[in-house]
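These numbers were taken from a predicted model, which means no experiment stands behind them. The first residue in the sequence is number 1, and the count goes up from there.
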Amino acid sequence: MQTSGNNTDKIRVILIEDHKLMRVGLKSLFEKYDDISVITEAEGGKEGVEKVKVHKPDVVIIDVGLNDISGVEAARRILADNPDIKIMMLTSKLSQDDVMEALKAGVYAYVLKDVNSDTLAMVLRSINEGAMWLDPKVVPIIRESGTGVIPQRTKNRANFKASHANLTEREYEVLKLVVDGKSNLEIAQILKISEHTSKAHVCNIIQKLVVDDRTQAAVKAIKEGLV
């Protein structure tokens with residue numbers, strides 16, 4: 001959990017989501033982080049756009065599918081008036097059209113709703129600081145679009161291994177599953193190892209790739225052509 005000195009240090013967030021239970025869940029989730037504050041919420045895109053004009057948040061979290069205008073259209077309208085606001089699309093939809101239109105609109109993150117809470121908080125902090133973040137499951141869709149947003153893979157597994165020869169064969173297997181978004185338990189079940197061993201492999205990978213967490217390890221693997 002992150003700490004902050006006072007309320008002005010908090011990342012101010014608006015939620016635009018048409019499912020009340022999802023809004024309640026997200027608000028409750030963020031309450032455990034001292035540096036994040038959900039200042040208001042909206043159940044529709046038009047309402048959300050108006051609330052953003054009034055409250056001037058740092059980050060807006062929007063679902064792609066809303067009950068009036070689309071989340072992408074809401075993002076366009078928000079950024080037309082407030083280009084410095086960072087927008088995260090948080091959705092269960094994984095179509096090429098949605099992903100590409102969201103990126104064209106200027107969103108900073110495209111995240112699937114099966115993300116865990118700590119990763120979601122990490123992504124929110126990252127985009128607030130100006131970084132972009134894509135769910136690992138989104139990357140192949142963008143690459144296959146042929147738009148050049150993410151170039152076609154130019155390295156193969158052998159190239160990656162040459163650059164990271166300190167990873168064992170088992171660690172490569174685990175890393176591939178991390179890139180696929182698998183949890184430690186799922187990795188353990190797939191590889192028929194204990195969850196404790198799975199967690200140890202992930203920790204070793206994070207150390208060897210010189211990154212801070214499993215998400216950064218996945219991003220590095222994607223950038224360097226493992227997947």
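Between Asn67 atom CG and Glu17 atom CD the span is 9.5 Å, to the nearest 0.5 Å. Atoms CD1 and OG, from Ile190 and Ser183 in turn, are 8.5 Å apart once rounded to the nearest 0.5 Å. Between the CD atom of Glu50 and the CG atom of Asp81 there is a distance of 8.5 Å, given to the nearest 0.5 Å. The distance from the CZ atom of Arg12 to the OG1 atom of Thr40 is 10.5 Å, given to the nearest 0.5 Å. The line from NZ of Lys51 to CG of Leu15 is 10.0 Å long, rounded to the nearest 0.5 Å.
Ionic pairing of Asp114 and Lys137 is present here: one or more N-O contacts between side-chain nitrogen and carboxylate oxygen are shorter than 4.0 angstrom. Here Glu171 pairs with Lys208 in a salt bridge; the nearest charged N to carboxylate O distance falls below 4.0 Å. Using a 4.0 Å cut-off between charged nitrogen and carboxylate oxygen, Arg23 and Glu41 count as a salt-bridge pair.
Qualifying side chain to side chain donor-acceptor pair (under 3.5 Å) partners for Asp118, counting only residues two or more places apart in sequence or in other chains: Tyr33. For Lys192, there are no side chain to side chain contact (heavy atoms under 4.5 Å, CB included) partners two or more places apart in sequence or in a different chain. A search for side chain to side chain contact (heavy atoms under 4.5 Å, CB included) contacts involving Leu191 returns Arg170, Glu173, Val174, Leu177, Ile187, Ile193, not counting sequence neighbours. Take Thr197 and apply the side chain to side chain donor-acceptor pair (under 3.5 Å) test, not counting sequence neighbours, and it matches Ser194. The side chain to side chain donor-acceptor pair (under 3.5 Å) search around Asn116 returns Thr119, not counting sequence neighbours. Taking Glu186 as the reference, nothing meets the salt bridge (charged side-chain N to carboxylate O under 4.0 Å, His left out) condition, with sequence neighbours excluded. Take Ile127 and apply the side chain to side chain contact (heavy atoms under 4.5 Å, CB included) test, not counting sequence neighbours, and it matches Val59, Lys86, Met88, Tyr108, Ala109, Val123. Take Lys93 and apply the salt bridge (charged side-chain N to carboxylate O under 4.0 Å, His left out) test, not counting sequence neighbours, and it matches Asp98. Every side chain to side chain contact (heavy atoms under 4.5 Å, CB included) that Val211 has, sequence neighbours left out, goes to Ile206, Leu209, Gln216, Ala217, Lys220. Contacts of Glu73 classified as salt bridge (charged side-chain N to carboxylate O under 4.0 Å, His left out), with partners at least two apart in sequence or in another chain: Arg76, Arg77. Listed by chain and number, the residues in a salt bridge (charged side-chain N to carboxylate O under 4.0 Å, His left out) with Asp212 amount to none (sequence neighbours excluded).
Surrounding NZ of Lys182 are at most 12 heavy atoms belonging to other residues, nucleotides or ligands under 6.0 Å away.
Annotation for Asp68 and Gly45: closest pair OD1-N, 2.8 Å, computed over non-hydrogen atoms. Scanning all heavy atoms of the two residues, the minimum distance from Ile36 to Arg125 falls at CD1-NH2, 4.4 Å. Met22 and Leu90 make their closest contact through CE-CD2, 4.2 Å (heavy atoms, listed as atom of the first residue, atom of the second, distance). What you find for Pro57 and Ile85 is that their closest heavy atoms are O-CG1, 3.5 Å. Among all heavy-atom pairs drawn from Val179 and Ala221, the shortest one is CG2-CB, 3.7 Å. Among all heavy-atom pairs drawn from Val202 and Val178, the shortest one is CG2-CG2, 4.1 Å.
The closest side-chain heavy-atom distance from Ile61 to Val111 is not below 4.5 Å. Contact check for Ser37 versus Ile11: no side-chain heavy atoms found under the 4.5 Å cut-off. When side chains are defined from C-beta on, Ile39 does not count as touching Val13, because their heavy atoms never get closer than 4.5 Å. Side-chain atoms of Leu66 and Ile16, non-hydrogen and from C-beta on, do get closer than 4.5 Å to each other. Looking at Glu101 and Lys104, their side chains come closer than 4.5 Å, going by heavy atoms from C-beta outward. Between Ile87 and Ile62, the closest side-chain pair of non-hydrogen atoms falls below 4.5 Å.
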ask   = How far apart are the C-alpha atoms of Leu26 and Val38, what are their side-chain angles, what is the distance that settles it, and do they pass the side chain to side chain contact (heavy atoms under 4.5 Å, CB included) test?
value = CA-CA 9 Å; Leu26 285 170; Val38 177; over 6 Å; no
message = For a side chain to side chain contact (heavy atoms under 4.5 Å, CB included) check, start with the C-alpha distance between Thr215 and Trp133, then their side-chain angles and the critical distance, and finish with the verdict.
response = CA-CA 10 Å; Thr215 301; Trp133 194 91; 3.0 Å; yes
Salt bridge (charged side-chain N to carboxylate O under 4.0 Å, His left out) between Lys27 and Glu31, intermediate numbers included = CA-CA 6 Å; Lys27 192 169 183 179; Glu31 283 176 353; 5.7 Å; no
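Transitive grouping of hydrophobic side chains (ILVMFWY, heavy atoms separated by less than 4.5 Å) keeps Ile69 and Ile14 in distinct clusters. No single ILVMFWY cluster, assembled from side-chain heavy atoms under 4.5 Å apart, contains both Leu124 and Val24. Linking ILVMFWY residues whenever their side-chain heavy atoms come closer than 4.5 Å, directly or via other members, places Val64 and Val115 in the same cluster. A continuous path of Ile, Leu, Val, Met, Phe, Trp and Tyr side chains, each step under 4.5 Å between heavy atoms, connects Met132 with Val72, placing both in one hydrophobic cluster.
Checking Glu195, Gln189, Arg214 one by one against Asn184, the side-chain hydrogen bond (donor to acceptor under 3.5 Å, both in side chains) holds for a single residue, Arg214.
Counting only residues at least two apart or in different chains, side chain to side chain donor-acceptor pair (under 3.5 Å) contacts with residues 54-64 comprise Lys56-Asn82, Asp63-Thr91, Asp63-Lys113.
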